[in-house]
Protein chains: 2
Amino acid sequence: MAQSNNVTPLFNDLAKIEHDHVACQDCSLYRLCLPLGLHNNDLTKLDEIITRSQNYKRGQSLFSEENSFKSLYVVRSGSFKTTISTSNGREQVTGFYFPGEFIGLDAIHHELYQSTAKALESSSVCELPYDRLQEIGKEMPQLQIQLLTRLSKELAGDKSLMLLLGKKTSKEKLATYLLSLSKRFHDRGFSATEFQLSMSRGDIANHLGLAVETVSRIFSRFQDEGLISLDGKAISLQEMDRLKALCG
Amino acid sequence: MAQSNNVTPLFNDLAKIEHDHVACQDCSLYRLCLPLGLHNNDLTKLDEIITRSQNYKRGQSLFSEENSFKSLYVVRSGSFKTTISTSNGREQVTGFYFPGEFIGLDAIHHELYQSTAKALESSSVCELPYDRLQEIGKEMPQLQIQLLTRLSKELAGDKSLMLLLGKKTSKEKLATYLLSLSKRFHDRGFSATEFQLSMSRGDIANHLGLAVETVSRIFSRFQDEGLISLDGKAISLQEMDRLKALCG
DNA sequence: CACACAAATTGATCTAGATCATGGATATAA
DNA sequence: TTATATCCATGATCTAGATCAATTTGTGTG
């Protein structure tokens with residue numbers, strides 16, 4: 001059966017991508033993205049250094065661990081995951097990224113990317129070459145502040161994730177995760193209760209420090225209890241309040 | 001028995017703190033800290049906005065979750081831990097901070113601190129009021145870049161910690177932790193193999209997502225195997241290579 | 001210096017969630 | 001369309017590390 005269309009679509013349509021060169025001014029992600037608060041002149045300068053990428057297909061890499069760091073990326077449409085690995089090959093999904101969110105911020109201090117970024121579905125990005133960004137940033141304090149704010153936000157998110165990984169039970173982890181997704185969809189103008197999970201159960205499990213089987217079981221349990229309703233990748237949060245209460 | 005003196009002292013003596021107003025130029029932490037790369041004029045301006053704090057005693061808070069965000073702090077001497085909590089009171093130690101390291105970076109995007117910072121021993125800090133920092137930052141791109149770099153570095157560290165929390169066994173966690181401490185001591189000009197653990201076993205356990213008892217047992221095991229030698233808070237890493245191999 | 005309290009160690013037991021195993025559902029490709 | 005690989009769900013079993021319990025050691029404080 002084909003995926004039904006009664007839920008929020010994946011993020012493919014969020015940015016206007018008919019033309020490859022939508023200016024930041026005209027981008028529907030404007031208020032979620034870096035340019036917020038920049039004046040027209042500055043915005044134009046920023047526009048000039050941005051490369052709008054071709055599409056990335058599901059599974060395709062934006063960059064890999066140990067590649068040399070060159071650019072930051074902002075998701076324009078679709079979604080990505082980032083991973084890092086131990087020397088003996090175990091992998092941790094460190095984050096999921098949706099339109100308007102930055103990828104690569106953890107590489108700024110380094111010559112090399114610290115993680116691998118892969119598309120979860122057909123996706124596109126804006127590429128910001130870091131050296132040129134620094135150049136124009138010298139005359140745009142507001143841009144620097146935006147960048148700092150971005151980094152700080154991601155940092156705070158990662159600390160919460162540490163709390164989740166270190167101290168929460170499997171149910172609490174899943175409930176917290178679903179509500180975090182919900183909020184991000186809502187912030188992007190979509191339904192807070194009905195959306196598509198672009199990542200696999202395996203990715204979710206890995207990200208939350210669980211086994212796939214555990215995620216499956218808890219999803220089933222949540223369904224039995226009427227908390228959510230799940231049809232493949234389409235999820236609907238039926239009882240936000242009870243979910244919130246489950247977050248710990 | 002009193003603590004023996006044959007190991008690296010705690011960080012109390014690292015910064016020259018006889019006078020409350022050591023200029024950044026003269027501070028022994030200079031090369032680890034923010035001012036790196038600033039010119040003399042800029043350095044003087046930075047100096048002017050910094051408040052050097054009185055001492056914080058063991059257990060004393062620098063700030064608490066939900067306090068309004070005002071300043072960033074750099075550890076001058078001693079050490080701190082930061083924690084965040086779930087709504088029902090469970091707590092996660094999100095980080096330990098040593099001289100030259102920044103505390104509060106995750107609050108920049110917010111009105112409120114996202115965590116609580118407590119001294120682990122007698123400690124002191126430099127306080128950087130964030131609004132004034134932004135003010136002078138407008139004319140000091142190098143300062144902004146330093147800040148960005150700091151944030152990025154902490155971000156990368158947190159991602160590694162996610163890998164640790166999500167994918168490593170208890171032994172691997174402890175080995176990884178000890179080597180991370182070792183590196184940070186070494187970077188500060190101290191022995192990479194002999195130092196004092198200023199944090200309790202409980203703090204370590206919490207930070208690594210383990211129970212205290214587990215940490216105790218693994219420390220004992222590591223001792224039996226000749227990997228480390230432990231006397232209260234004083235630790236000596238006897239076999240760095242084997243420890244490295246244990247990190248996963 | 002001795003009291004009281006907090007931190008650490010060690011052993012015994014228990015359990016949340018991992019791992020193993022199987023079958024069904026989905027997706028991709030020729 | 002069928003082949004083939006991957007993903008997902010669910011049951012049975014196992015185990016790493018948590019929890020509980022009892023000492024021991026360390027550490028402020030009057």
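Residue numbers begin at 1 in each chain, while the letters A, B, ... track the order of the sequences.
Side chain of B/Ser170, nearest nucleotide from D/dG17, D/dT10, D/dT19: D/dG17. Of the candidate nucleotides C/dT10, D/dA12, D/dC8, D/dC8 has the atom lying nearest to any side-chain atom of A/Lys233.
Among the protein residues, A/Ser220 comes within range of the sugar-phosphate backbone only, with heavy atoms under 4.0 Å from sugar or phosphate atoms but none that close to a base. Here A/Ser200 lies in heavy-atom contact (under 4.0 Å) with sugar-phosphate atoms only.
Counting distance only, with no hydrogens placed and no angle test, the side-chain atoms of A/Arg58 and the base atoms of D/dT6 include no donor-acceptor pair under 3.5 Å.
For D/dA9, one of the phosphate oxygens OP1 or OP2 lies less than 4.0 angstrom from a side-chain nitrogen or oxygen of A/Arg201.
Atom P of nucleotide D/dG28 and atom NZ of B/Lys57 are separated by 13 Å, given to the nearest angstrom. Rounding to whole angstrom units, CG of residue B/Asp203 and P of C/dA6 are separated by 15 Å. Residue B/Lys167 contributes atom NZ, which lies 16 Å from atom C1' of D/dA16 at whole-angstrom precision. As rounded to whole Å, 10 Å separates atom P of D/dT27 from atom CD of B/Gln196. Look at CG on A/Leu197: it is 16 Å from C1' on D/dA9, rounded to the nearest Å. Residue A/Met199 contributes atom CE, which lies 15 Å from atom C1' of D/dC7 at whole-angstrom precision. Remark: P of D/dT10 and CZ of A/Arg217 are 9 Å apart, rounded to the nearest angstrom. Regarding B/Asp231, its CG atom lies at a distance of 13 Å from the C1' atom of C/dA8, rounded to whole Å.
The aromatic rings of B/His207 and B/Phe96 sit perpendicular to each other, their planes meeting at more than 60°, with 30° as the lower class boundary.
Considering only residues two or more places apart in sequence or on other chains, B/Glu239 meets the salt bridge (charged side-chain N to carboxylate O under 4.0 Å, His left out) condition with B/Arg242. For A/Tyr113, the ring-ring contact (aromatic ring centres under 6.0 Å, His included) test picks out A/Phe63, A/Phe69, with sequence neighbours left out. In this structure A/Arg58 satisfies the salt bridge (charged side-chain N to carboxylate O under 4.0 Å, His left out) test with no other residue, sequence neighbours excluded.
Contact check for B/Glu101 versus B/Val74: no side-chain heavy atoms found under the 4.5 Å cut-off.
Rounding to the nearest 0.5 Å places CZ of B/Phe219 at 5.5 Å from CG of B/Leu197.
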Quick test: give all pairs of protein nitrogen or oxygen and nucleotides 23-25 of chain C nitrogen or oxygen below 3.5 Å, distance rounded to 0.1 Å.
none

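Looking at B/Ser198 and B/Ser79, their side chains do bring a donor and an acceptor atom within 3.5 Å of each other. Defined by atom type and a distance below 3.5 Å, a donor-acceptor pair is present between the side-chain atoms of B/Gln92 and A/Lys167.
Note on the helix from C/dC1-D/dG30 to C/dA30-D/dT1: angle between the axes of the first and last five pairs equals 60°, rounded to 10 degrees.
Ionic pairing of B/Arg76 and B/Glu127 is not present here: no N-O contact between side-chain nitrogen and carboxylate oxygen is shorter than 4.0 angstrom. Looking at A/Asp106 and B/Lys159, no side-chain N of the basic residue comes within less than 4.0 Å of a carboxylate O on the acidic one, giving no salt bridge. Taking the charged nitrogens against the carboxylate oxygens, A/Glu172 and B/Arg90 do have a contact shorter than 4.0 Å, which makes a salt bridge.
Contact check of residues 208-215 of chain B against DNA chain D (heavy atom, cut-off under 4.0 Å) returns B/Gly209, B/Leu210, B/Ala211, B/Glu213, B/Thr214.
The ring of B/Phe98 has its center no closer than 6.0 angstrom to the ring center of B/Phe80.
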